[in-house]
Protein chains: 2
Amino acid sequence: MPRVIPEETRKRLRDELENEILTGHIPPGQKLDEVSLATRFGVSRTPIREVLQQLASAGLVEIRPRRGAVVAQLGPEQLVQMFEVMGGLEGMAGRMAARRHTEEDRKALQRIQDACLAAARSGDTDAYYYENERFHQAIHAASHNAFLIEQCTALHRRLKPYRRLQLRHRNRMASSLAEHTAVLEAILALDGDRAERLMRDHVVIQGERFTDFIAMLAEKVPAG
Amino acid sequence: MPRVIPEETRKRLRDELENEILTGHIPPGQKLDEVSLATRFGVSRTPIREVLQQLASAGLVEIRPRRGAVVAQLGPEQLVQMFEVMGGLEGMAGRMAARRHTEEDRKALQRIQDACLAAARSGDTDAYYYENERFHQAIHAASHNAFLIEQCTALHRRLKPYRRLQLRHRNRMASSLAEHTAVLEAILALDGDRAERLMRDHVVIQGERFTDFIAMLAEKVPAG
DNA sequence: GTCAACATTCTTGTATACACGATTGCGAGG
DNA sequence: CCTCGCAATCGTGTATACAAGAATGTTGAC
């Protein structure tokens with residue numbers, strides 16, 4: 001039994017667990033038993049505990065002293081609030097992008113917007129989801145604020161599982177694309193105020209639609 | 001040697017270490033030796049490592065694999081970026097506060113503003129610093145977005161050591177107070193857009209002044 | 001049959017032993 | 001005198017032992 005984890009296993013530990021939580025493979029509220037996880041990954045409890053701590057700091061799991069770790073559950077209210085903040089952050093990014101983007105940023109944004117358009121035309125939701133993500137990332141990058149990028153990425157990741165479902169509903173893909181177009185226009189026109197507002201609304205609308213959906217589900221399920 | 005940390009020691013561990021970093025008692029770049037810390041606090045390395053992990057997640061220390069933990073250093077650029085984001089977050093809070101504050105929020109805000117005024121009149125920088133913090137907290141609270149409050153608090157804490165020096169300079173206290181007044185007016189007038197803008201500028205100005213100061217220092221010291 | 005109190009079991013939190021990468025200091029070669 | 005390489009040392013990462021709180025099951029009384 002090696003005393004040094006084979007370099008990749010360390011990351012695998014964290015990434016795999018994080019993924020299973022983010023994808024919902026391990027459902028919210030599920031208890032995370034240290035021993036089981038340790039056995040499963042073939043390591044001792046020590047590195048498992050470290051990973052759990054990190055995931056707790058990221059808000060993915062909740063550690064109750066002496067009572068173990070569970071996958072964090074986000075209620076409708078928390079989701080609304082997080083989408084609201086996400087909107088604010090993305091709005092910031094939009095504003096900064098409008099004021100600071102470089103020629104390369106322009107090109108990248110337009111290229112990705114084209115890809116979004118293509119995905120939307122072909123009706124490929126998964127492809128659109130992927131390109132949508134890249135579009136947002138490109139705007140973050142164009143803000144040229146590394147700290148903001150970090151914050152956006154972190155929150156984006158955390159909300160990921162909730163956004164995914166949501167594009168499949170109605171013709172959200174079409175309106176999303178239209179909103180992108182408007183945002184991009186504002187950015188290219190160097191209009192920071194407008195870019196911020198449009199971007200914020202774009203994200204908040206997503207959030208609202210989704211949280212409506214969640215709230216609807218929540219009514220049928222007793223809080224637990 | 002007790003195997004169970006006496007309940008309070010656990011928090012003391014984290015708080016004390018965090019404080020010493022935030023106050024600069026342990027200077028940025030300083031190596032944090034696990035064994036020394038363990039000895040100092042009278043515990044083993046295990047809880048120390050946990051605390052270090054948490055502080056790393058909060059951005060206060062940097063853990064370099066196999067090479068130990070050091071107190072994180074923020075360069076001028078990072079500080080600018082963080083203040084920029086802080087401004088955005090506080091702006092968000094201002095906007096939401098304008099739209100959502102309750103009667104209690106109104107009263108609290110006015111009460112604290114009065115306290116700020118009193119502190120400014122008496123020229124007591126420390127008192128003003130304290131009341132200023134409370135004013136910002138009151139605005140956060142009036143946003144009624146718990147997640148935003150968390151984010152603001154976290155970033156606020158992290159920037160704390162940098163803001164403190166800065167009020168002592170010039171007549172920053174007077175202009176800070178004037179800015180508060182304007183922000184409060186906008187909030188009480190339910191003008192979200194204006195509250196956001198004023199609040200953002202208020203914070204960003206603080207940041208800029210401070211980072212100018214830091215940048216000035218940085219020129220004299222070779223990057224290390 | 002229900003509930004409470006106790007004993008048992010399970011799981012977490014801490015301490016410690018040990019392995020191995022990183023650092024450092026020394027000596028040999030240029 | 002400087003540099004490179006190696007050896008000794010140091011410090012971190014992991015596994016494991018153990019203590020004590022939490023959960024669970026059992027038994028007894030009402």
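Here is the naming used below: chain letters follow the sequence lines, and residue numbers restart at 1 for every chain.
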Distance, rounded to the nearest Å, where [X] contributes [atom1] and [N] contributes [atom2]:
X	N	atom1	atom2	value
A:L37	D:dT14	CG	P	16 Å
B:F41	C:dT14	CZ	C1'	16 Å
A:E50	C:dT14	CD	C1'	15 Å
A:R49	C:dT11	CZ	P	14 Å
B:I48	D:dG11	CD1	P	15 Å
A:Q53	D:dG13	CD	P	14 Å
B:K11	C:dG13	NZ	P	14 Å
B:E34	C:dA22	CD	P	15 Å

Could you tell me if the side chain of B:L22 sits less than 4.5 Å from the side chain of B:E18, heavy atoms only?
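A side-chain contact exists here, since the closest heavy-atom pair is under 4.5 Å.
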
Going by heavy atoms in the side chains, are A:R200 and B:R95 under 4.5 Å from each other?
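Of all side-chain heavy-atom pairs linking B:R95 with A:R200, at least one is under 4.5 Å.
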
According to the salt bridge (Lys or Arg N to Asp or Glu O under 4.0 Å) rule, which pairs have a member within residues 47-56 of chain B, sequence neighbours left out?
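Non-adjacent pairs meeting salt bridge (Lys or Arg N to Asp or Glu O under 4.0 Å): A:R49-B:E50, A:E50-B:R49, B:R10-B:E50, B:E34-B:R49.
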
Give a yes/no on whether any side-chain N or O of A:K31 is located under 4.0 angstrom from OP1 or OP2 of D:dA23.
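No.
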
Less than 4.0 angstrom between a side-chain N/O of B:R10 and OP1 or OP2 of C:dT14, yes or no?
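It does, given that an N or O in the side chain of B:R10 lies less than 4.0 Å from OP1 or OP2 of C:dT14.
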
Relative to the 5' end of DNA chain D, which residue comes earlier, A:S44 or A:P65, by the nucleotide with the nearest heavy atom?
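First, find each residue's nearest nucleotide; the 5'-ward one identifies A:S44.
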
Between A:E90 and A:H202, a side-chain donor and acceptor under 3.5 Å
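Side chains of A:E90 and A:H202: no pair found under 3.5 Å.
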
A:R12: partners by salt bridge (charged side-chain N to carboxylate O under 4.0 Å, His left out), with sequence neighbours left out:
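A:E16.
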
Toward the 5' end of DNA chain C, by each residue's nearest nucleotide, A:A69 or A:T46:
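Counting from the 5' end, the first nearest nucleotide belongs to A:A69.
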
Which of the following nucleotides, D:dT14, C:dT23, D:dT12, is nearest to the side chain of B:R67?
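Of the options given, the side chain of B:R67 lies nearest C:dT23.
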
Is there, by distance only and without an angle test, a donor paired with an acceptor across the side chain of A:R45 and the base of C:dG13 below 3.5 Å?
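Result: at least one qualifying N/O pair found.
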
